[in-house]
Amino acid sequence: MQELLGEEANLLERSLEAEPVIGLRVNTLKISAGEFERISPWPLDPVPWCPAGYLLAAGERPGLHPFHAAGLYYLQEPSAMAAAQALAPRPGERLLDLAAAPGGKSTHLASLLGTDGLLVANDVNGARARELSRNMERWGSKRSLVTNAHPGRLADAWGAHFDALLLDAPCSGEGMFRKTPQAVEQWTTGLVESCARTQAELLAVAARLVKPGGRLVYSTCTFEPLEDERLVARFLDAHPDWELAPTGLAGVDGGRPEWAAEFTSGPRLSLAARIWPHRSRGEGHFVALLRRSGSDRAGSGVEDARSGVVPDPRRRRRSGSEPAEAELHRAVAAWNEFVAENLTHDPFPEHEKTLRNDGLYALPSGAPSLAGVTVMRPGVWLGSAAKGRFIPSHALALALDASESERRVDLEPDDEQLAHYMLGAELDVAGSDGWLLVTVAGHPLGWGRRARGIVKNHYPKGLRRPLAG
């Protein structure tokens, strides 16, 4: 950096000795940024490049607030909010987050996509994909699914299926030095070179998944030109049907074309974005928006997965019992009865209902073929049917709007009963028997089941914990 930045490198070095900043991004699927500003327990300082992003003061503990449990926001480093913002999803588009765990950028994409379109969030690592799935569940997106596959496998299976793709590539992590001490400990020049090779392979695969006329955001959290400007320039020189486009991000610096001057595409790198910790209140980040030439009038040649039921092909029969089709029919019938008794309407009228591991899911339309692809979360988990009764899932509660429930109990963040509920205690609330939605400040938090004025707690045991003082 001293060689690349000259005297400015001293400013960068001093900035890495400061405390990292805390970021929060509002879930605009559930609440507007303006409304959250009004109810926020903490002072909020806007992030220039993300309209739903805010900086928090040091010492705050937003992860222990019930608003976090309700999925009203995601705790995300401010610079990391730039990548999804640059991709700028449009309603109705099909999106792929290729290396998505733990889910910060996927939840952002889901919010920007809104209620029309499809998001596939993928990660090759099984444990990380499960964490991704949990975060997507808390976010309450009705238009997403989570897969666990090697990117090359997806490119072979799906081809150019997506309107827009985000590749937040694994990198040497230089931009995280002050936030993650392990990034300093593991850094070597060999790591940089290894990451650059992997990134080049991933970017080439990612390009195969984007339709003509589509968009691709390549991002890293490193300062290293070998993983940033030089890698993108090398890709563009080898792929003449791709070009750089302006990111449209406010309050960021441009890329450094002089660091890739030997490449034909090098001079265009000023259109990329860099976030420097000595220039902005965020960690190090690089973002490049790429566009593929052509149009999609001819289609991608990949058919949708919507084939009516889409059951798991490995589950033709369960323990020698009834066929999967009959099992699905019974689960859907139980779901319909639950809706009639407890909800104002079916919140997923256009989703295909599918069974997986005895759970009923609502699969959004527009998905590519899922045959041969490991699916961690095939849409929204609605719940399970047992002995003719439907037991709603926690995921369903977080995907609902409070107005969609016939019965609910609304608690405020400082309500003593809310603290008890979060710890798994029963509630004493008069009213009619049956399932009810427990909400905080009008936002769904979980389920309870009332009988004779006592609400049995159905908040997941693994999520129970005391609230922040």
For this session: Return the minimal non-hydrogen interatomic distance between Gly175 and Phe223, and the atom names on each side.
Result: CA-CZ, 3.9 Å
Exercise. So do Tyr421 and Val440 actually touch side chain to side chain, heavy atoms under 4.5 Å?
Worked result: no
Exercise. More than 12 non-hydrogen atoms from neighbouring residues, nucleotides or ligands closer than 6.0 Å to CD on Glu13, yes or no?
Worked result: no
For this session: Look at the side chain of Lys353 and the backbone N and O of Phe348, then say whether any donor-acceptor pair between them is shorter than 3.5 Å.
Result: yes
For this session: Taking all non-hydrogen atoms of both residues into account, name the closest pair between Ala402 and Gly442 and its distance.
Result: CB-O, 3.3 Å
Exercise. Strictly by modelled atom types, are Ser111 and Trp139 linked by a side-chain donor-acceptor pair under 3.5 Å?
Worked result: yes
Problem set entry | Under the side-chain contact (heavy atoms from CB on, under 4.5 Å) test, residues paired with Glu243 that sit two or more places apart | Arg291
Exercise. Side-chain donor-acceptor pair under 3.5 Å between His278 and Arg14, yes or no?
Worked result: no
Exercise. Would Phe177 and Thr180 count as a side-chain contact (heavy atoms from CB on, under 4.5 Å) if you check the C-alpha gap in whole Å, the side-chain angles of each, and the deciding distance to 0.1 Å?
Worked result: CA-CA 5 Å; Phe177 275 1; Thr180 310; over 6 Å; no
Exercise. Between Arg256 and Asp228, is there a salt bridge with N-O shorter than 4.0 Å?
Worked result: no
Problem set entry | Residues Ser265 and Asp237: side-chain donor-acceptor under 3.5 angstrom | yes
Problem set entry | Pro257: partners by side-chain contact (heavy atoms from CB on, under 4.5 Å), with sequence neighbours left out | Leu269, Ser270
Problem set entry | Ion pair check, Asp97 and Lys105, cut-off under 4.0 Å | no
Problem set entry | Flag, side chain of Arg215 to backbone of Ala88, donor-acceptor distance under 3.5 Å | yes
Problem set entry | From Ser144 atom OG to Leu119 atom CG, the distance as rounded to the nearest 0.5 Å | 5.5 Å
Problem set entry | Non-hydrogen atoms of Val380 and Ala399 that approach each other most closely | CG1-CB, 4.1 Å
Exercise. Ignoring hydrogens and geometry, is there a side-chain-to-backbone donor-acceptor pair from Trp381 to Gly383 under 3.5 Å?
Worked result: yes
Exercise. Looking only at atom types and distance, does a side-chain atom of Asp163 sit under 3.5 Å from a main-chain N or O of Gly214, one as donor and one as acceptor?
Worked result: no
Report all side-chain donor-acceptor pairs from residues 197-210 shorter than 3.5 Å, counting only partners two or more places apart or in another chain.
from: Thr198; atom 1: OG1; to: Ser194; atom 2: O; distance (Å): 3.2
from: Gln199; atom 1: OE1; to: Tyr218; atom 2: OH; distance (Å): 3.3
from: Gln199; atom 1: NE2; to: Pro170; atom 2: O; distance (Å): 2.9
from: Gln199; atom 1: NE2; to: Glu227; atom 2: OE1; distance (Å): 2.8
from: Arg208; atom 1: NH2; to: Asp156; atom 2: OD1; distance (Å): 2.7

Seminar exercise, completed: In terms of heavy-atom contacts, Leu4 and Pro225 come closest through CD1-CG, 3.6 Å
Exercise. Is Glu193 reaching over with its side chain to a backbone N or O of Gly190, donor-acceptor style, under 3.5 angstrom?
Worked result: no
Exercise. Heavy-atom distance under 4.5 Å between the side chains of Arg377 and Met136, does that happen here?
Worked result: yes
Exercise. Is any side-chain N of the basic residue among Arg90 and Glu93 closer than 4.0 Å to the acidic one's carboxylate O?
Worked result: yes
Problem set entry | Test item: Leu166 and Leu98 side chains (from C-beta on) under 4.5 Å apart, heavy atoms | no
For this session: Without swapping roles, check the side chain of Thr28 against the backbone of Ile31 for a donor-acceptor pair under 3.5 Å.
Result: no
For this session: Scan Val120, Leu95, Leu132, Leu96 and name whichever one has a side chain to side chain contact (heavy atoms under 4.5 Å, CB included) with Ser106.
Result: Leu132
Exercise. Has the side chain of Ser40 got a donor or acceptor atom that lies under 3.5 Å from a matching backbone atom of Trp42?
Worked result: yes
Exercise. Do Val232 and Leu236 have side chains that get closer than 4.5 Å, going by heavy atoms?
Worked result: yes
Problem set entry | Sub-4.5 Å side-chain heavy-atom contact between Gln85 and Trp49 | no
Exercise. Is there any side chain to side chain donor-acceptor pair (under 3.5 Å) pair reaching into residues 112-138, and which pairs are they, with sequence neighbours excluded?
Worked result: Asn122-Thr147
Problem set entry | From CA spacing to verdict: salt bridge (Lys or Arg N to Asp or Glu O under 4.0 Å), Glu283, Arg178 | CA-CA 8 Å; Glu283 309 306 316; Arg178 70 178 180 182; 2.7 Å; yes
Exercise. So do the side chains of Leu445 and Tyr459 get within less than 4.5 Å of each other, counting heavy atoms only?
Worked result: yes
Problem set entry | Sidechain N-carboxylate O distance under 4.0 Å for Glu404, Lys142 | yes
Exercise. Considering residues, nucleotides and ligands other than Glu7, do more than 12 of their heavy atoms fall under 6.0 Å from its CD?
Worked result: no
Exercise. Are the aromatic ring centres of His108 and Tyr74 under 6.0 angstrom apart?
Worked result: no
Problem set entry | Asp253 and Arg274 ion-paired at < 4.0 Å | no
For this session: Would you confirm whether Asp241, through its side chain, and Ser293, through its main-chain N or O, come within 3.5 Å as a donor-acceptor pair?
Result: no
Problem set entry | Close side-chain approach of Leu12 to Met1, heavy-atom, < 4.5 Å | yes
For this session: Please test Ile22 against Leu55 for side-chain contact (heavy atoms from CB on, under 4.5 Å), starting from the C-alpha separation and ending with a verdict.
Result: CA-CA 6 Å; Ile22 303 173; Leu55 294 152; over 6 Å; no
For this session: Scan for side chain to side chain donor-acceptor pair (under 3.5 Å) pairs involving residues 438-447, sequence neighbours excluded, and state none if there are none.
Result: Asp410-Thr439
Exercise. Between the main-chain N or O of Leu191 and the side-chain N or O of Thr188, is there a donor-acceptor pair closer than 3.5 Å?
Worked result: yes
Problem set entry | Side-chain heavy atoms of Arg25 within contact of Tyr54, under 4.5 Å | no
Exercise. side-chain contact (heavy atoms from CB on, under 4.5 Å) between Arg94 and His161: does it pass, once the steps are laid out?
Worked result: CA-CA 8 Å; Arg94 298 177 185 181; His161 184 81; 2.7 Å; yes
For this session: Any chance you could measure Leu463, atom CG, to Met422, atom CE, to the nearest 0.5 Å?
Result: 8.0 Å
For residues 63-73, please give each side-chain donor-acceptor pair under 3.5 Å, one per line with the distance, not counting sequence neighbours.
from: His65; atom 1: ND1; to: Phe67; atom 2: N; distance (Å): 3.0
from: Tyr73; atom 1: OH; to: Pro62; atom 2: O; distance (Å): 2.5

Seminar exercise, completed: So OG1 of Thr354 and OH of Tyr361: to nearest 0.5 Å the spacing works out to 9.5 Å
Problem set entry | Side-chain (Arg292) to main-chain (Trp242) donor-acceptor, under 3.5 angstrom | no
Exercise. What heavy-atom pair brings Glu35 and Ser32 nearest, and what distance separates the two atoms?
Worked result: N-OG, 3.0 Å
Problem set entry | Worked verdict on Glu8 versus Arg279 for side-chain contact (heavy atoms from CB on, under 4.5 Å) | CA-CA 10 Å; Glu8 189 179 0; Arg279 290 175 169 265; 2.8 Å; yes
